[in-house]
*Asks:* 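The structure that follows is given in the form of structure tokens.
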Amino acid sequence: MPNDARIEAMFDAAKRARRRAYAPYSGFAVGAAVLDEAGAIHAGCNVENAAYPAGACAETGAISAMVASGGTRIAAILVLGAGDALCTPCGACRQRIREFADENAAVLIAGPEGLRRSFTLGELLPESFGPDNLDRDRSSASEPGV
Ligand code: THU
């Protein structure tokens, strides 16, 4: 779990990105902020599309920003959306987070007023499939019949 100063910085970054969300179809603006292994913060917002399935979630944008900046691990991610219900990451984004995070990574859910709840990735995506699965497969693939 990041310290309070880091959470505040993530919240501010997600809030700023959310103001730029492109969500003309749903009207639901989301901001996200990733904290990487070096302590850097990368923000993203949702970017919708007239061809609805081509739209991208805020988490996707924040993860892309991290990768483009040279970050390799997600220590924590904060997602900010309005409404009464918690703006938890969709199933596909939970898997995208998993690619760069372990089960202990914090997934912080915020509303415009501030932090609402915190989960671990393991709570949101238990018994997940990840990069380790394929590493094992690759080493055994070289042995015929295994
Ligand atoms: N959305 C996100 O960006 N992140 C979430 O965690 C939940 C949903 C976006 C996708 C779409 O642009 C809009 O919110 C409504 O689903």
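Read the numbers this way: they start at 1 and go in the same order the structure lists the ligands and their atoms. Residues take their numbers from the sequence shown, with the count starting at 1.
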*Asks:* Between atom CG of L35 and atom CD1 of I74, what is the distance when rounded to the nearest 0.5 Å?
*Replies:*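 The CG atom of L35 sits 10.0 Å away from the CD1 atom of I74.
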*Asks:* What residue and atom, counting heavy atoms only, is the protein's closest point to atom 9 (C) of ligand 1, and at what distance?
*Replies:*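 Here the nearest protein heavy atom works out to N46 ND2, 3.5 Å.
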*Asks:* Give me the nearest non-hydrogen protein atom to atom 10 (C) of ligand 1 as residue plus atom name, then the distance to 0.1 Å.
*Replies:* C57 SG, 4.0 Å
*Asks:* Considering C45, A58, C90, G44, which one's heavy-atom position lies nearest to atom 3 (O) of ligand 1?
*Replies:*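 It is A58 whose heavy atom sits nearest to atom 3 (O) of ligand 1.
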*Asks:* More than 12 non-hydrogen atoms from neighbouring residues, nucleotides or ligands closer than 6.0 Å to CG on D4, yes or no?
*Replies:*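 At most 12 heavy atoms, drawn from other residues, nucleotides or ligands, come within 6.0 Å of this atom.
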*Asks:* Do T120 and E103 get their side chains close enough for a donor-acceptor pair, meaning under 3.5 Å?
*Replies:* no
*Asks:* For P89 and ligand 1, answer yes if some heavy atom of the residue is under 4.0 Å from a ligand atom, otherwise no.
*Replies:*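 Per 4.0 Å heavy-atom rule, P89 contacts ligand 1.
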*Asks:* Heavy-atom contacts under 4.0 Å between S26 and ligand 1: side chain, backbone, both, or neither?
*Replies:* side chain
*Asks:* Do any N or O atoms from the side chain of S128 and from the backbone of G130 form a donor-acceptor pair under 3.5 angstrom?
*Replies:* no
*Asks:* Filter on side-chain hydrogen bond (donor to acceptor under 3.5 Å, both in side chains), then keep only pairs touching residues 63-86, sequence neighbours left out; what's left?
*Replies:* E37-T72
*Asks:* Any sub-3.5 Å donor-acceptor pair from R96's side-chain atoms to I63's backbone N or O?
*Replies:*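 No; judged by distance alone, with no hydrogens or angles, the pair does not exist.
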*Asks:* State the atoms of ligand 1, each with its element, that fall below the 4.0 Å cut-off from a heavy-atom position in V30.
*Replies:* 1 (N), 2 (C), 3 (O), 4 (N), 9 (C), 14 (O)
*Asks:* Contact between ligand 1 and T88 is defined here as a heavy atom of the residue under 4.0 Å from a ligand atom; is it met?
*Replies:*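 Yes, that is the case, since the closest heavy atom of the residue is under 4.0 Å from the ligand.
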*Asks:* As a test of the contact definition, would atom 14 (O) of ligand 1 count as having a protein heavy-atom neighbour under 4.0 Å?
*Replies:* yes
*Asks:* Counting from 1, what ligand 1 atoms have a heavy atom of E59 closer than 4.0 Å?
*Replies:*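 Per the distance check, 2 (C), 3 (O), 4 (N), 5 (C), 6 (O).
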*Asks:* For a side-chain contact (heavy atoms from CB on, under 4.5 Å) with I77, tell me which candidate from I109, I97, L121, L108 qualifies.
*Replies:* I97
*Asks:* Atoms of ligand 1 less than 4.0 Å from F28 heavy atoms?
*Replies:*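 Matching atoms, with element in brackets: 13 (C), 14 (O).
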*Asks:* Can you list the atoms of ligand 1 that are under 4.0 Å from a heavy atom of E48?
*Replies:* 11 (C), 12 (O), 13 (C)
*Asks:* Is it the case that the side chain of E48 and the backbone of C57 share a donor-acceptor pair, with hydrogens and angles ignored and the cut-off at 3.5 Å?
*Replies:* no
